[in-house]
Every structure is written in structure tokens, then in C-alpha cells.
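Here is the structure we will look at.
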Amino acid sequence: MTIGIQSKDVSFKYLHTDHPFLKHIDLSVQVGECILIGGASGSGKTTFSRLLNGISPNYIEGELTGELSTFDLKAGVAEIEEYVTTVGSVFQNPKTQHFTVNTTSELAFPLENIGAEPAFIEIQVNNKAEAFQVKHLLDRNIFELSGGEKQQIAFVSANMLEPKVLILDEVTSNLDQEAILRIRQMVQELKQRDMTIIIFEHRLAWTKGLVDRYVFFEDGRIKNDWTFEEFNQFSNEELNRLGLRSMDLTN
């Protein structure tokens, strides 16, 4: 299998801080693999996500050691603009990732930003809206959408340029169960296309059947790296003892 993401002995310390937030991270992700990265607040997972999509050290600066490549884009070497067509990101709060007021314009924005022709943009917006089943949300005021609908638009927008890898950073934390199910369906669609997906998440139940590996950070280090088969053997009680949320919410 081809490696899409490779982290070798990666450590990272933000400017004006005394200690590193990441410590000697070694992690390989295969092309088409879906992994979940979890851990308590302050464990380093958000810092790692920022290295994957180029936000750090390009925008949020710090000291990086080791090597991290995301589909041949090397952290600390590649410009943040180079990540635009390779990495799609969806964040916890959809309010922080919208650029326009109109939903159709929002989906068109990534293509306009790279100079695509208007006719092509119109076709792509309609194609993506249909593929992700959000055509009913086109030409709407974003501020009049529910939180789940806003997140769906953010999700489709992140995929407009057909990136090679999708970063989902706590995307379900503010959503109800119906909205979570819609996000799951959208992730499932991408997984069937063999897209590389990295999910940073506290809620685990909705990811069952999607995730190939579960990686957990603690104090800036990788504490555990389980395959789905290994992780699926844990009972809710065992997960809770590990400080993790339940996988089965029916009990």
C-alpha cells in the first residue's frame, strides 16, 4: 500500500511556550485509510491536525523538529497555499469556516479562489450538491440554517477541490443525532471512494464501521494505536476505564 501521510520523530513547540505539545510522533497513514485520532484536551491531537493541513507552522508558528509529509507536502517547507488542493478541513464550529452568506456562493468559493471558469464552477457546485445530497440547501442564507445544515455545507465546501485527504476536527461536537447521521453518511460516501480521512473526535459511536485504526494521544505522545478489530473487542466499561467514550450507545 502507498503511504499518504508520514510522521517521523515529529515534535512541535508553539512560540512563547515552555514545553512541546507534540513529542516524537511516529505515524504512517496509508492512502485510502480512515483513522481516528483521539485524546483528552491538551493531548496534542489538535496540534497534530494543524501540521497535517499546513496551519502550523505556516500560520500558527512554532518550532518543528522531525519530518511530517502530507501527500508529499512537507510541514514547515510547503507554503500554506499548496495545501489548498490537497487537504480539505472541516472544523468544530461551522461559523468559523464560512466565507459568504449564500450557500451556493459558499460552495463556489474554493473554485473561484483558484481561478476556475464560471461555467465549470456551476457544474461542479451542482454535481457536488447532488453527490452529497444537499441540493435542498442550495441558494439559502447560511445564517438561517441549523447547525447541522451549516456543517453539511462546510463539509461539501471542503471537498469542492477533490482533495486527497480530509481532516475532520471534532465536527460532531455541537450536533444532534440526526445531524451526526448525515455527517456519517457523507464520510461513508468518501470512504467508498478510497479517500484518506483523518477524524479527530471525542465521540466514538458514530465512527463504528468507518474507521480502520484508532490512535490515541496522551501528553503529546501516541499512547495507543489499535486496529478496528482490536478496538472493537473493548466493552463500554473497558473503554471508560481507558478514559474513552462508549462505542455502543444502546446499552
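Note that the numbering runs from 1 along the sequence shown for the chain. Here the structure is a predicted model, which is why all the values come from computation and not from measurement. No hydrogens, no waters, no symmetry mates; every other heavy atom, side chains included, goes into these values.
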Is D225 paired with R213 through a side-chain N to carboxylate O contact shorter than 4.0 Å? yes
Side chain to side chain, L166 and N159, heavy atoms closer than 4.5 Å: yes
Ring pair (Phe, Tyr, Trp, His ring centres under 6.0 Å) between Y214 and F231, intermediate numbers included: CA-CA 7 Å; Y214 290 83; F231 195 76; 4.1 Å; yes
Electrostatic pair E178:R182 at N-O distance under 4.0 angstrom: no
Side-chain contact test, heavy atoms from C-beta onward, threshold under 4.5 Å: evaluate it for N102 versus N141 and give yes or no. no
Measure the OG1-CG distance between T65 and L22 for me, rounded to the nearest 0.5 Å. 9.5 Å
Test the R50-F200 pair against the cation-pi criterion, namely NZ or CZ under 6.0 angstrom from the six-membered ring centroid and within 45° of the ring axis. no
Checking the side chain of Q151 only, and the main-chain atoms of V171 only, is there a donor and an acceptor separated by less than 3.5 Å? yes
Backbone of D169 reached by a side-chain donor or acceptor of Q92 within 3.5 Å: no
Take the angle between the ring planes of F21 and Y14 and call it parallel below 30°, perpendicular above 60°, tilted in between. perpendicular
Do other residues, nucleotides or ligands put more than 12 heavy atoms under 6.0 Å from E238 CD? yes
The criterion is salt bridge (Lys or Arg N to Asp or Glu O under 4.0 Å); which residues satisfy it with K23, sequence neighbours excluded? D219
Salt bridge E218-K45, side-chain N to carboxylate O under 4.0 Å: no
Are more than 12 heavy atoms from other residues, nucleotides or ligands located less than 6.0 Å from atom CD of E130? no
Are D26 and R221 ion-paired here, with the side-chain N under 4.0 Å from a carboxylate O? no
What I want to check is whether the side chains of D139 and T104 have a donor and an acceptor closer together than 3.5 Å. no
Using a 6.0 Å cut-off, check whether atom CD of E189 has over 12 heavy atoms from anything other than its own residue. yes
Side-chain donor-acceptor pair present, Q6, S28, cut-off under 3.5 Å: yes
Q188 side chain vs L210 backbone, donor-acceptor pair below 3.5 Å: no
Indicate whether any N or O donor in one side chain lies under 3.5 Å from an N or O acceptor in the other, for E201 and T172. yes
For H16, look at atom NE2 and say whether over 12 heavy atoms of other residues, nucleotides or ligands are found less than 6.0 Å away. no
Taking atom CG as the centre, does N232 end up with more than 12 heavy-atom neighbours from other residues, nucleotides or ligands that are less than 6.0 angstrom away? yes
How long is the gap from CD on E122 to CG on L111, to the nearest 0.5 Å? 12.0 Å
Under 3.5 Å, side chain of K13 to main-chain N/O of T17, donor-acceptor pair present? yes
Check whether any side-chain heavy atom of I153 sits under 4.5 Å from a side-chain heavy atom of L137, and report yes or no. yes
Here the pair of heavy atoms bringing E229 nearest to Q233 is O-CG, 3.3 Å
